[in-house]
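Quick caveat, the model's predicted, so the values are computed rather than measured. Every chain is numbered from 1 and lettered A, B, ... according to where its sequence line falls, protein lines coming before strand lines.
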Amino acid sequence: MRLSQYFMPILRDDPKEAEIASHRLMLRAGMVRQEAAGSYSWLPMGFRVLKKIEQIVREEQDRAGALEVLMPTLQSADLWRKSGRYDAYGKEMLRIKDRQDRDLIYGPTNEEMITDIFRSGVQSYKDVPRNLYHIQWKFRDEVRPRFGVMRGREFLMKDAYSFDISVEAGKHSYNKMFVSYLKTFARMGIKAVPMRADTGPIGGDASHEFLVLADTGESGVFFDGALHDLDWSTIDIDYDNVEAVANMVADYTSRYAATDEKHDQAEFEKRVPEGKRLSGRGIEVGHIFFFGDKYSLPMGCEVQGPDGKKVTLQSGSYGIGVSRLVGGIIEASHDKDGIIWPEAVAPFKVGLINIKSGDAEADAAAEKIYKDLQAKGVDVLYDDRNQPGGAKFAAMDLIGLPWQVIIGPRGLKEGIAEIKNRKTGARENVALDQVTARFSN
RNA sequence: CGGGGCGUAGCGCAGUCUGGUAGCGCACCUGCCUUGGGCGCAGGGGGUCGCGAGUUCGAAUCCCGCCGCCCCGACCA
């Protein structure tokens with residue numbers, strides 16, 4: 001993509017409404033535009049990141065055996081009356097009437113609908129276990145939206161729902177999602193620590209939140225420093241191996257880690273040696289629940305067992321805040337100059353800077369590298385604007401692409417380009433004809 | 001939902017107290033010059049001063065009502 005033909009309205013000044021880094025940087029880099037309190041339009045640069053994150057989530061859900069569906073944003077109020085949550089959910093749920101004066105709601109979550117769908121499609125114990133998920137926009141009419149996309153009212157969420165014949169089988173479904181979350185976040189280049197959590201209005205028994213550690217997080221967290229010793233980047237497992245999956249969950253939950261809601265100071269001090277007691281703040285990017293028959297029972301979600309008797313299914317739900325992750329990743333990965341995208345979610349892999357646009361030699365060299373990179377399938381953003389070099393450096397650092405390729409008269413004299421790593425700042429001179437090879441996988 | 005604050009050009013702000021026909025920086029357009037960390041010179045465009053009603057000869061400014069947004073707290077993917 002040529003920057004001269006892109007839509008990326010960069011702001012030089014900080015918008016006054018943005019207090020925290022991710023919000024400020026997303027607005028400055030032209031990734032999003034606020035439409036109303038807690039409601040954002042995603043501009044090309046931001047949308048690319050959102051889609052990359054969504055795709056990683058999708059691939060890891062599929063790998064864990066979940067099946068993708070898509071449910072509507074608007075739901076019938078009757079469905080929610082059946083579960084009792086129409087009255088219980090409170091004002092966060094947006095209630096709407098259609099032209100026939102029928103009560104609708106804009107879905108804040110989908111337990112009722114998925115349970116209804118699943119119930120109508122299964123009759124036998126042979127039809128379970130199953131896990132259905134979708135990635136869909138949600139609306140929760142938050143009392144106080146803030147921090148940009150981190151607490152919007154309208155947000156993109158992946159929510160999965162498991163159905164099992166027994167509590168024991170349900171536990172395995174829960175554990176599979178637990179492990180798949182470790183893999184999902186690891187692929188995005190962030191560490192999201194699972195912590196015991198309150199179950200909230202969704203209800204249930206077992207529940208873990210996954211939190212990205214960041215000073216601007218909304219939750220207080222307390223954890224064992226030994227958690228840092230675990231390997232968070234390579235999670236490898238056979239999902240069908242019940243014991244291995246359970247062991248891995250045990251491994252990542254055996255050390256103390258809790259949000260302030262579940263924190264027990266006495267237990268913390270008993271289990272964690274003094275030098276290892278860490279506390280801080282975290283951003284909740286995932287939340288998993290096992291809630292048994294909480295919805296299956298009132299909604300009659302049951303199958304016939306081997307003995308011919310009806311069995312009420314056991315369920316869990318598993319959420320990942322896809323749009324929140326965009327902000328969460330920035331909170332965990334930025335510096336004074338701008339965003340530092342982990343490669344897996346970066347909007348482009350390479351930013352190509354032509355320091356002297358208009359100079360025949362520089363233009364020719366940059367054009368060639370641009371076309372070669374594209375031919376090799378490397379996502380490249382080419383700053384071909386007629387701007388001074390300093391402005392291009394500043395813009396490229398702001399938007400945070402992992403690699404910068406810098407073409408200028410100085411290097412061209414020696415037949416080289418400069419490659420800069422955005423994260424480390426390391427620079428390297430590379431012969432012009434070797435640049436493309438450096439980025440081909 | 002309680003407390004505080006803000007709404008003037010795309011962004012950041014001044015002007016409001018003390019009413020007199022709207023200004024600054026950046027951005028943008030044209031030309032020249034430049035391009036190794038937000039370059040220089042010259043010229044230029046852009047505003048129903050959040051909305052409505054009032055007071056006044058005259059309202060961004062004073063009065064009344066409304067709307068929107070932000071921050072702190074209580075609540076949450």
Pair [X]-[Y], side-chain donor/acceptor within less than 3.5 Å:
X         : Y         : result
Gln265(A) : His263(A) : yes
Lys392(A) : Ser357(A) : yes
Asp62(A)  : Tyr133(A) : yes
Ser207(A) : His287(A) : yes

Distance in angstrom units between [X] [atom1] and [N] [atom2], rounded:
X         : N       : atom1 : atom2 : value
Ile355(A) : rG37(B) : CD1   : C1'   : 9 Å
Ile135(A) : rA77(B) : CD1   : P     : 19 Å
Tyr161(A) : rA77(B) : OH    : C1'   : 10 Å
Ile406(A) : rG36(B) : CD1   : P     : 12 Å
Asn354(A) : rG37(B) : CG    : C1'   : 15 Å
Asp141(A) : rC1(B)  : CG    : P     : 10 Å
Met396(A) : rG36(B) : CE    : C1'   : 15 Å
Glu142(A) : rC69(B) : CD    : P     : 14 Å

Say you pick atom [atom1] in [N] and the same atom in [M]; how far apart are they, in whole Å?
N       : M       : atom1 : result
rU8(B)  : rC69(B) : P     : 14 Å
rG52(B) : rA60(B) : C1'   : 16 Å
rC26(B) : rC39(B) : P     : 9 Å
rA59(B) : rG3(B)  : C1'   : 31 Å
rA77(B) : rG45(B) : C1'   : 46 Å
rG54(B) : rC66(B) : C1'   : 14 Å
rC72(B) : rC49(B) : C1'   : 29 Å
rC17(B) : rU61(B) : P     : 9 Å

Decide yes or no for [X] and [Y]: does some side-chain heavy atom of the first lie under 4.5 Å from some side-chain heavy atom of the second?
X         : Y         : value
Lys356(A) : Glu361(A) : no
Asp383(A) : Leu352(A) : no
Lys158(A) : His134(A) : no

Base, sugar-phosphate, or nothing: which does [X] touch, judged by heavy atoms less than 4.0 Å apart?
X         : result
Ala362(A) : nothing
Asp14(A)  : sugar-phosphate
Arg33(A)  : nothing
Ser357(A) : base
Asn386(A) : base

Tyr161(A) and Tyr295(A): CA distance, side-chain angles, deciding distance, ring pair (Phe, Tyr, Trp, His ring centres under 6.0 Å) verdict: CA-CA 11 Å; Tyr161(A) 305 90; Tyr295(A) 300 97; 8.9 Å; no
Look at the side chain of [X] and decide which nucleotide, out of [options], has an atom nearest to it.
X         : options                  : value
Phe289(A) : rC69(B), rA77(B), rC6(B) : rA77(B)
Lys16(A)  : rG7(B), rC71(B), rG36(B) : rG7(B)
His287(A) : rG36(B), rC1(B), rA77(B) : rA77(B)

His334(A) to Ile339(A) - nearest heavy-atom pair and separation: CB-CA, 4.2 Å
Presence of donor-acceptor pair under 3.5 Å, side chain of Arg144(A) and base of rG3(B): no
Upstream residue (5' side of RNA chain B) when Glu17(A) and Lys420(A) are each assigned their closest nucleotide: Lys420(A)
Comparing Gly321(A) and Phe147(A) on RNA chain B - which has the more 5′ nearest nucleotide: Phe147(A)
Can you tell me the base-pairing partner of [N]? Count Watson-Crick or G-U wobble geometry only, both distances below 3.5 Å, and say none if there is no partner.
N       : answer
rC1(B)  : rG73(B)
rG19(B) : none
rU56(B) : none
rC28(B) : rG44(B)
rG68(B) : rC6(B)

Short side-chain N/O contact to rC70(B) OP1/OP2 from Gln34(A), under 4.0 Å: yes
Quick one: which protein N/O atoms are closer than 3.5 Å to N/O atoms of nucleotides 22-28 of chain B? Pair and distance per line, please.
residue: rG25(B); atom: N2; partner: Asp13(A); partner atom: OD2; Å: 3.3

Output field: ring centroids His172(A)/Phe290(A) closer than 6.0 Å: no
